[in-house]
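Data first, discussion second: the structure below is written as structure tokens.
Values below: every heavy atom of this structure, side chains too, minus hydrogens, waters and symmetry copies.
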Amino acid sequence: QVQVVESGGGLVQSGGSLTLSCAVSGRPLTSLTMGWFRQALGKEREIVASISTSGLPTYIGDFGMGRFTISRDFAKNAVLLQIDSLEPGDTATYYCAATERQVGLWDFWGQGTQVTVSS
């Protein structure tokens with residue numbers, strides 16, 4: 001079974017940067033499509049970005065403006081999400097998910113990591 005574990009969140013000042021990590025076990029990264037999601041308090045969960053089995057990144061909607069970068073770290077067997085120029089609106093619980101099928105059919109979820117951005 002695929003397992004994913006998020007880490008790297010914390011309390012950060014506006015304008016700073018964070019790199020979140022999603023450690024993956026159970027399957028090779030090259031056999032999984034991975035996604036990063038976030039859910040702010042009182043808001044619906046939204047997808048930030050995904051990365052395909054071949055490593056092609058896709059940024060969803062307004063997350064494609066350049067502040068977010070999804071990548072794979074094969075040495076750590078992890079999928080990373082770098083967030084630059086953090087804003088208070090980035091405050092949310094960030095989740096990692098995996099699918100062996102296709103985007104939108106997410107089968108495996110982590111517990112999430114909290115990102116809090118102060119003004």
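- Cluster membership for Phe108 and Phe37, using ILVMFWY side-chain heavy atoms within less than 4.5 angstrom, is not shared.
- Partner Val117 forms a side-chain contact (heavy atoms from CB on, under 4.5 Å) with one of Leu18, Ile83, Leu86 and no other, that one being Leu86.
- The CZ atom of Arg72 sits 7.0 Å away from the OG atom of Ser54 when rounded to the nearest 0.5 Å.
- For the residue pair Trp106 and Gly35, the shortest heavy atom distance occurs at CZ3-N, 3.5 Å.
- Taking the side chain as every heavy atom from C-beta outward, Met34 and Ser50 never approach each other to under 4.5 Å.
- Heavy-atom contacts from other residues, nucleotides or ligands closer than 6.0 Å to CG of Leu41 number 12 or fewer.
- What you find for Ser14 and Pro88 is that their closest heavy atoms are OG-CD, 3.4 Å.
- How far CG of Asn77 is from OG of Ser21: 9.5 Å, rounded to the nearest 0.5 Å.
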* So Leu20 and Thr113, side chain to side chain contact (heavy atoms under 4.5 Å, CB included) or not? Walk me through it. -> CA-CA 8 Å; Leu20 308 180; Thr113 185; 4.2 Å; yes
* Could you please spell out the steps behind the ring pair (Phe, Tyr, Trp, His ring centres under 6.0 Å) verdict for Phe63 and Trp36? => CA-CA 11 Å; Phe63 297 111; Trp36 274 103; over 10 Å; no
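- Residues Gln114 and Thr91 meet the side-chain proximity criterion, which asks for heavy atoms closer than 4.5 Å.
- In the hydrophobic clustering of ILVMFWY residues, with side-chain heavy atoms under 4.5 Å counting as a link, Ile51 and Phe68 come out together.
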* **Working for side chain to side chain contact (heavy atoms under 4.5 Å, CB included), residues Glu6 and Tyr95** => CA-CA 7 Å; Glu6 304 95 335; Tyr95 297 93; 3.9 Å; yes
* Evaluate the side chain to side chain contact (heavy atoms under 4.5 Å, CB included) criterion for residues Gln39 and Glu46: first the C-alpha distance (whole Å), next the side-chain angles of each, then the deciding distance (0.1 Å), finally the verdict. => CA-CA 6 Å; Gln39 186 169 21; Glu46 56 187 347; over 6 Å; no
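- When only modelled atom types and interatomic distance are considered, Gln82 and Thr19 share no side-chain donor-acceptor pair under 3.5 Å.
- Checking side-chain atoms of Thr99 against main-chain N and O of Leu105 turns up a donor-acceptor pair under 3.5 Å.
- Within 6.0 Å of the CD atom in Gln3, the count of heavy atoms belonging to other residues, nucleotides or ligands does not exceed 12.
- Between Thr30 and Thr53 there is no side-chain heavy-atom pair separated by less than 4.5 Å.
- The heavy-atom pair separating Gly112 from Thr93 by the smallest distance is CA-CG2, 4.0 Å.
- Nearest approach of Pro57 to Ile70, heavy atoms of both residues: CB-CG2, 3.6 Å.
- Residues Val115 and Ile47 are members of separate hydrophobic clusters, defined by side-chain heavy-atom contacts under 4.5 angstrom among Ile, Leu, Val, Met, Phe, Trp and Tyr.
- Of the possible donor and acceptor atoms, none in the side chain of Asp84 sits under 3.5 Å from a partner among the backbone N and O of Ser17.
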* **Test log, rule side chain to side chain contact (heavy atoms under 4.5 Å, CB included), inputs Arg38 and Asp90** => CA-CA 9 Å; Arg38 74 182 191 184; Asp90 295 321; 2.9 Å; yes
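- There is a path of hydrophobic side-chain contacts, each under 4.5 Å, that joins Val4 to Leu29.
- By the criterion of side-chain heavy atoms lying less than 4.5 angstrom apart, applied directly or through intervening Ile, Leu, Val, Met, Phe, Trp or Tyr residues, Val103 is not grouped with Leu32; the two fall into different hydrophobic clusters.
- Counting only heavy atoms from C-beta outward, the side chains of Arg67 and Glu87 approach each other to under 4.5 Å.
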